[in-house]
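Worksheet: one structure, shown below.
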Amino acid sequence: MSQNSKTAGDQVKAMEKIVSLAKRRGFVFQSSEIYGGLNGCWDYGPLGVEMLNNLKQQWWKSMTYRENVEGLDASILMHPRVWEASGHVENFTDPMVDCKQCKARYRIDVLFDDLSLKKKKDVLRELDAQKFGGQQKDETIIEEFAKLVTTDQDAARIVLMLPCPNCGNKGTFTEARKFNLMFKTFVGPVEDSSSVVFLRPETAQGIFVNFLNVQSASRQKLPFGIAQIGKAFRNEINTKNFLFRTREFEQMEMQFFVKPGTDVQQFEYWRGERMQWYIDLGMTEEKLQWHQHPKDKLAHYAKDAYDVEYLFPFGWGEIEGVHNRTDFDLSRHEQFSGKSMKYFDEETKEKFTPFVIETSAGASRSFMAFLVDSYREEEAPNAEGAMELRVVMKLHPKLSPIKAAIFPLVNRDGMPEFSRKLESDLRPYFRVFYDDSGAVGRRYRRQDEIGTPYCITIDSQTLQDQTVTVRDRDSMVQERIASTGLKEYLAKKLM
RNA sequence: GCGGGCGUAAUUCAGUGGUAGAAUGCCAGCUUCCCAAGCUGGACGUCGCCGGUUCGACCCCGGUCGCCCGCUCCA
């Protein structure tokens, strides 16, 4: 599971430490905690929301501060037909069965896929002995079987004839049940079937349906992209691993519209861009990898798909998908809405449906990845020179919730007053934090634990020459600079 | 959804059938000229929730919710 030498137990402990620090210091709380919590739901506390906003801002800047990418913020609720067109109504409702004997659960289509030819033949014979009693070609068997399982009724009948692959018992399956992974709700106060809408299971469709609106409003020509950050909802069977698998999550998506034939090249370009983004924000390169979806497991819309995976304490997990969605979505919306989704190329006088390269990053997941990646336990000398444990979040300064802390070295001789003045000078520009409580060493460590990159200390020399010390979180080295130059100093480091 | 583990202060944990402790953290004051120091004082838990057994339950039993691990799932 993991590539380093740590045991699984250590990995679990590491995760638990991060979760408890996240709570103690106000990064992440359990949702509705006083009521016992709500499965798989989490709240971002004061530091968490700050860091999450920084993360989203970095993404937004890197993706939309471009000539050919426009922003969008589409509604979470969309016309129900959108989800028929997108394939979610069809594909998000997989019928499943449980084995009553051994409690294993199967998706029906997977159960059928794993069936041997002989077994398929047996099933067909049992259903229609006359037609399939004699010799049949293999192709015919496969074909006829495939035809049969397309209707829910027949599929349900067949399942009851099959043995459980796990325990081998026959006739132990429950009735097939549908699991709709989309959250359903109602528009207006009356709960009738005509008012059903869904909470979007992905933000992408809000972009696709607005493709021509954005294109004409912004006067963009192909190739160009539309970027959006927003919440999406999937009614997962299980939540898992802290923020990793939740039912409510936030996506940072960009759909890039290109001329067919140029899609492969664009796909590679965006793969490079997206991987570099994580590296530039300080994520450990060795803990990042690409995972290519096998061709036979591709989603219904995709021609090629790669995931950016991060090595979490519980193993590799997807934090972003870069997919070639082809013209699937636009074509389907054209078909379902009756409105043209085609693009007219003025230069070549061609009219065509663009291909789409999708970069879909999980804001919540990458938040967690950055949190996990930056957590360190180090040895550091204390005042007596003995080594002590130092917990430090080595977040990239751009992501750190607090950019600088301001400390009067001691609470007298005008140091607090000078510090307060400095604080109010910096506060309009940076998220700063004033702390005069306890020994200065303790204050440094408190900031280390939440990833504050710089600590500014006002000492007796400050009162003489208006210089302050700036202590670097990672090296713990101090440099003395003029207090009047602090704004520029920090701006340079944080921009 | 299944199986296993767990749920006591903000955190990590101890605890006994007779209505609860430690350490760390936090707050206030003193001290302190640079890396979790020291001193004094202080706040904080109806022991996840509901029910049952009992004269009496944090402790026993049942249910439920939540978290973690494994399986399943993750178009």
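These numbers come from the heavy atoms of this one structure, side chains and all, not from hydrogens, waters or symmetry mates. Keep in mind the model is a prediction, meaning the values are calculated, not measured.
Among the heavy atoms of the strands, none lies under 4.0 Å from A:A380. Residue-level contact check: A:M15 touches neither bases nor backbone, having no heavy atom under 4.0 Å from any strand. Note on A:F242: only backbone sugar-phosphate atoms sit closer than 4.0 angstrom, heavy atoms only; bases stay farther off. Among the protein residues, A:S437 comes within range of the sugar-phosphate backbone only, with heavy atoms under 4.0 Å from sugar or phosphate atoms but none that close to a base. Residue A:G26 is classed as having no contact, given no heavy-atom separation below 4.0 Å to the nucleic acid. Nucleic acid contact for A:L389: base, since at least one base atom lies under 4.0 Å from a heavy atom of the residue. Here A:N241 lies in heavy-atom contact (under 4.0 Å) with sugar-phosphate atoms only.
Comparing B:C67, B:C33, B:A10 by their nearest atom to the side chain of A:R24 picks out B:A10. Checking B:G70, B:A36, B:A37 against every side-chain atom of A:V391, the shortest atom distance belongs to B:A36. In the set B:C26, B:G66, B:C35, B:C35 carries the atom at the smallest distance from any side-chain atom of A:Q478. With B:C33, B:U72, B:C68 as the choices, the nucleotide that has an atom nearest any side-chain atom of A:S460 turns out to be B:C33. Residue A:N39 has its side chain nearest to B:C67 when only B:C33, B:U12, B:C67 are considered. Closest to the A:F314 side chain, of the nucleotides B:A36, B:C33, B:C69, is B:C69. Taking the side chain of A:R445 as heavy atoms from C-beta on, and the options B:A36, B:G70, B:C34, the nearest nucleotide is B:A36. Nearest nucleotide to the A:D413 side chain, out of B:C71, B:C68, B:C33: B:C33. Side-chain proximity of A:R471 to the nucleotides B:C35, B:A37, B:U11 is greatest for B:C35. In this structure, of B:C68, B:G1, B:C33, it is B:G1 that holds the atom nearest to the side chain of A:N238.
Between A:R442 and the phosphate of B:G25, there is a side-chain N or O to OP1/OP2 separation shorter than 4.0 Å.
Between the C1' atoms of B:C65 and B:G51, the separation comes to 14 Å (whole Å). Comparing the C1' positions of B:U24 and B:C44 gives an interatomic distance of 14 Å, to the nearest angstrom. The same atom, P, is picked in B:G48 and in B:A14; the two are 14 Å apart, to the nearest Å. Comparing B:C2 with B:U72, their C1' atoms sit 8 Å apart, to the nearest whole Å. Nucleotides B:C13 and B:C50, compared at atom C1', are 27 Å apart to the nearest Å. For the P atom pair drawn from B:G62 and B:G5, the interatomic distance equals 12 Å after rounding to whole Å. Taking atom C1' on both B:G38 and B:U32, the two are 9 Å apart, rounded to the nearest angstrom. B:G15 and B:C58 are spaced 9 Å apart, taking the C1' atom of each and rounding to whole Å.
Atom CZ of A:R412 and atom P of B:C34 are 11 Å apart (whole Å). What separates CZ of A:F27 from C1' of B:A10 is a distance of 15 Å, to the nearest Å. Distance NZ (A:K13) to C1' (B:C68): 13 Å, rounded to an integer number of Å. If you take CZ of A:F29 and C1' of B:C67, they are 17 Å apart, rounded to a whole angstrom. Here B:G70 presents its C1' atom at 8 Å from NZ of A:K240, a figure rounded to the nearest Å. Here B:C34 presents its C1' atom at 14 Å from CG of A:N411, a figure rounded to the nearest Å. We find that CG of A:D43 is positioned 17 Å from P of B:A10, with the value rounded to whole Å. Note: CG (A:L21) to P (B:G25) measures 14 Å, nearest angstrom.
Taking the six-membered ring for Trp and the full ring otherwise, A:F407 and A:Y444 have centroids separated by under 6.0 Å. For A:F211 and A:F257, the ring centers sit closer than 6.0 Å to each other. A distance below 6.0 Å separates the ring centres of A:F367 and A:Y44. If you look at A:W316 and A:Y310, their ring centroids are not closer than 6.0 Å. Between A:F244 and A:F242, the ring center distance fails the sub-6.0 Å criterion.
Pairing for B:A14 is absent, judged as Watson-Crick or G-U wobble with the two contacts each under 3.5 Å. Under the Watson-Crick and G-U wobble criteria, each requiring two contacts below 3.5 Å, nucleotide B:C39 is paired to B:G29. Across all strands shown, B:C6 is found opposite B:G66 as a Watson-Crick or G-U wobble partner, with both distances under 3.5 Å.
Residues A:K493 and A:Y454 approach most closely at CD-OH, 3.0 Å, considering heavy atoms.
For the pair A:L463 and A:R446, nearest-nucleotide mapping onto RNA chain B gives the more 5' position to A:R446.
No donor-acceptor contact under 3.5 Å links the side chain of A:Y35 to the base of B:C65.
Classified by interplanar angle (parallel below 30°, tilted 30° to 60°, perpendicular above 60°), the ring pair A:F312/A:F314 is parallel.
At a threshold of 4.0 Å, the pair A:E378-A:R390 counts as salt-bridged, since one of the basic side-chain nitrogens sits closer than that to a carboxylate oxygen.
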